Amino acid sequence: MDLQKLQQEVLNEKESSRWESSTTLPVLMRKVYTWMTLALVITGITAWVVAHSPAILQMIMTNKILFLSLLFGELILVWSVSAAINRLSLTTATLLFVLYSVLNGVTMSFIFLAYTYESVTNVFLITAGTFAAMAFFGYFTKTDLSSIGRILFMALIGLIIATIVNIFVKSSGFGMILNYLGVLIFVGLTAWDTQKIKQMLSMAEDTGETAQKVALMGALSLYLDFINLFIHLLRIMGNNRN
């Protein structure tokens, strides 16, 4: 009788563990997209406020050191969070993510000056639809995208180098080619990053701080994919104010 009771307790523990494991991934994935969405909202609001503040715009446009500090500050912030995520608390990492979203909003405020509001809205909706489709594909596909992801990452490095070169060359035609390549790269990276995030979070045994920090870094990756996809699509499809 005692043996049967013990066996039943073991079975119950296994069932409980299996149930907990099956519910962990959806909870963590929801956190990924919640953090990503909040970051996009913060960036959008910041960009809108700065774009409608002549004093702030004047200060940024007339001070090259300030503008460069904002750009390099973003890069340093992303690198620092990624490198030190294991040593940071979840609260600190989240606050740094929010800070990065604000800084990115400041630098992106100029899109409201360069492009019409209608085209910005239309491109944002196109970006959201494209992103959602590729994220859906990356989450549910059974195909291993790791090899494609490595190719896309190398292509991204090439894109960054080519973009820097074009700053000095100033070729509009070459720049447009880079924008089309950028769209293809970030469309692919969205699917790859989604699959990679799912795989990492599926190994989490609970929804503790460690797992949530992984989810936060996943949100940062997808946020960057979305922002870059939006920028490249805007350069292709956006209507200039001039």
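Everything quoted here is computed from the prediction, not taken from an experiment. Only this structure's heavy atoms are used, side chains among them; waters, hydrogens and symmetry mates stay out.
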- Query: Do Ser89 and Thr92 meet the criterion of a side-chain donor-acceptor pair at a distance under 3.5 Å?
  - Reply: yes
- Enclosure of Phe72 CZ (heavy-atom neighbours >12, cutoff 6.0 Å): no
- Message: Starting from Phe124, can I reach Leu38 by hopping between I/L/V/M/F/W/Y residues whose side chains sit under 4.5 Å apart?
- Response: no
- Cluster overlap Phe153 with Ile160, hydrophobic side-chain contacts below 4.5 Å: no
- Judged by modelled atom types alone, do Thr116 and Ser119 share a side-chain donor-acceptor pair under 3.5 Å? yes
- Query: Is it the case that more than 12 heavy atoms not belonging to Leu125 sit under 6.0 Å from its CG atom?
  - Reply: yes
- Item | Hydrophobic cluster membership, Met36 vs Val27, 4.5 Å side-chain cutoff | no
- Do we see a donor-acceptor contact under 3.5 Å between the side chains of Glu74 and Thr107? yes
- Query: Counting heavy atoms not belonging to Met154, are there more than 12 under 6.0 Å from its CE?
  - Reply: no
- Check the hydrophobic clustering (I, L, V, M, F, W, Y; side-chain heavy atoms under 4.5 Å; chains of links allowed) and say if Met217 and Tyr33 are grouped together. yes
- Between OG1 on residue Thr194 and CG on residue Leu222, distance to nearest 0.5 Å: 5.0 Å
- Query: Is the CE atom of Met29 crowded by more than 12 outside heavy atoms at less than 6.0 Å?
  - Reply: yes
- Item | Trp48 and Tyr117 aromatic ring geometry - parallel, tilted or perpendicular at 30°/60° bounds | tilted
- Query: Mind checking whether Leu189 and Ile236 sit in one hydrophobic cluster, side chains of I, L, V, M, F, W, Y counted as touching below 4.5 Å?
  - Reply: yes
